[in-house]
2 protein chains.
Amino acid sequence: MATSETANSPPARATPARTRRALPRAERRNQLIRATIKCVAKKGLAATTMADITTEAGLSTGIVNLHFKTKELLLVETLRFVTDEYKQGFDKIFVDKNSADLEIVRAIVNYDFSPQIVNRNKLAVWFAFLGEVKARPIYQKICARHDNDINQQLGALFASLLKRSGNHSVDVELIASGYSALTDGLWLDILLSPRRTSTAIAREVAWQYVSGIIN
Amino acid sequence: MATSETANSPPARATPARTRRALPRAERRNQLIRATIKCVAKKGLAATTMADITTEAGLSTGIVNLHFKTKELLLVETLRFVTDEYKQGFDKIFVDKNSADLEIVRAIVNYDFSPQIVNRNKLAVWFAFLGEVKARPIYQKICARHDNDINQQLGALFASLLKRSGNHSVDVELIASGYSALTDGLWLDILLSPRRTSTAIAREVAWQYVSGIIN
DNA sequence: TCCCTGAATGAATGATCATTCATTTGTTCT
DNA sequence: AGAACAAATGAATGATCATTCATTCAGGGA
């Protein structure tokens, strides 16, 4: 307990007092992105200031401009970070399992409602950016590309799954869009009222949708 | 055509040059809310300034503070305006039709994807506020209450519908939550990439979900 | 017609904030 | 060790913005 510390508080080291240490570029950038996620989740996109971010990271005023040039570029990288993270876990499901399509679908539903994904901070950041897509072409582009990638992979998966079961009467594109929309909506529900829509219930709703399709 | 004018441009009158006219409180407030919707849709919640709003409304600097006290209060009233407007149309469906439950469900799906609701400006505003719910308790409260109301009415409707068909094996709460989440997700898709997800497709996906339930 | 009331105006104010850059400090190479 | 380089700092700057309030003006009652 004595050695525990909050994620981004300045390290309470035994040695001198708060040394400043040069870090590889990539590591500093990651640290700043993480701090940004925390701040945006807590204060929202509109109210998050550079001072909030650098304080959260335990660093100095000019550090963001040094590593990202401008605040806006940091925000864009933060959005990319969040989408890339989701995509990595998503792709892993396809690679890991060379098992049956049905197993993959099951794994995706579990992934979408795993603690890794259903995390109020990350959800808040994701929807904060989505809330600005109409106004900011760059956010729109990143989010749309992300959604598109996911949908294409889901479409192929559903196609393979339904061909196997001899069902040709349904449009896989529609089903993939439906599943994506449903999960987005369920995440939003969880963000909005975590009491009412628990993760378990959301997973059940998503699973019901999927099993309604494949039976 | 000669007399047409954009909604909020300063009235191009034949008389003098831009008279200033006192308006009933409620009318001015509505005018400012409408201007806010336009601005938030165009520039986003974060970047919308008081000057943007008053310019859009064709009024002077201090007008918002006169009618809403602060910018934040104007934003809250704008959110309420958007949710109330949806709710009014929604309630009307229940009142208008004393017809079969199935007809009501059909009307709701049509309503949710009618031009009145699927309007990129209003969708942008709705999601702009949703994007800030984690950070702003007042937005969270308004949005959560709205979603809750809708869900309760939908739950009752589905219950009545399924009782009639003798189906007792399904949880109506789950179905209502699912439908709400699905529509939210579909709206988001439309906002994000209007090309890919057309309104017609979205309606079809929503209707597929519903008919999967009631059969 | 002439007040009187309150709606509307907009210049001025002060607070907030992103960005800059001269200086400090850590790291690496010889 | 110490020179050379790069990373990090943070006080200073200038821009942006919400809010204030003294003044202007429209409309209705006497």
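Chain letters run A, B, ... following the sequence lines, proteins first and then strands; every chain starts at 1. Keep in mind that the numbers below use all heavy atoms, side chains included, and drop hydrogens, waters and symmetry copies.
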Q) Rounded to whole angstroms, how far apart are CD on Q31(A) and P on dA7(D)? A) 15 Å

(Q) Please tell me whether R34(A) and N30(A) have a donor and an acceptor in their side chains that are separated by less than 3.5 angstrom. (A) yes

Q.
What verdict does the side chain to side chain donor-acceptor pair (under 3.5 Å) test give for Y86(A) and D112(A), after you've listed the backbone C-alpha separation in whole Å, the side-chain angles of each residue and the deciding distance to 0.1 Å?
A. CA-CA 9 Å; Y86(A) 177 89; D112(A) 281 341; 2.5 Å; yes

Q: Identify, with sequence neighbours excluded, every residue that meets side-chain hydrogen bond (donor to acceptor under 3.5 Å, both in side chains) alongside K71(A).
A: none

Q: Please state how far atom CZ in R25(A) lies from atom P in dT27(C), giving the value in whole angstrom units.
A: 17 Å

Q: Using distance alone, with no hydrogens and no angle criterion, decide if Y179(B) and D184(B) have a side-chain donor and acceptor under 3.5 Å apart.
A: no

(Q) Let me check the geometry of the helix from dT1(C)-dA30(D) to dT30(C)-dA1(D). What is the bend angle between the axes at its two ends, five pairs each, to 10°? (A) 0°

Q. How close or far is atom C1' of dG10(C) from atom CG of L59(B), stated in whole angstroms?
A. 13 Å

**Q.** E173(B) and N151(B) side chains, donor-acceptor separation under 3.5 Å
**A.** no

Q) Salt bridge between D149(B) and R145(B), side-chain N to carboxylate O under 4.0 Å? A) no

**Q.** Separation of atom CZ in R29(A) from atom C1' in dA7(D), rounded to whole Å
**A.** 15 Å

**Q.** Distance, rounded to the nearest Å, where M50(B) contributes CE and dT16(C) contributes P
**A.** 16 Å

Q: Indicate whether any N or O donor in one side chain lies under 3.5 Å from an N or O acceptor in the other, for K134(B) and N121(A).
A: yes

Q | Sugar-phosphate, base or nothing in reach of R28(A), heavy atoms under 4.0 Å | A | sugar-phosphate

Q) Which residues in residues 60-77 of chain A have at least one heavy atom lying under 4.0 Å from any atom of DNA chain D? A) S60(A), T61(A), G62(A), I63(A), L66(A), H67(A)

**Q.** Check: S160(A)/D101(A) side-chain N/O donor and acceptor closer than 3.5 Å
**A.** yes

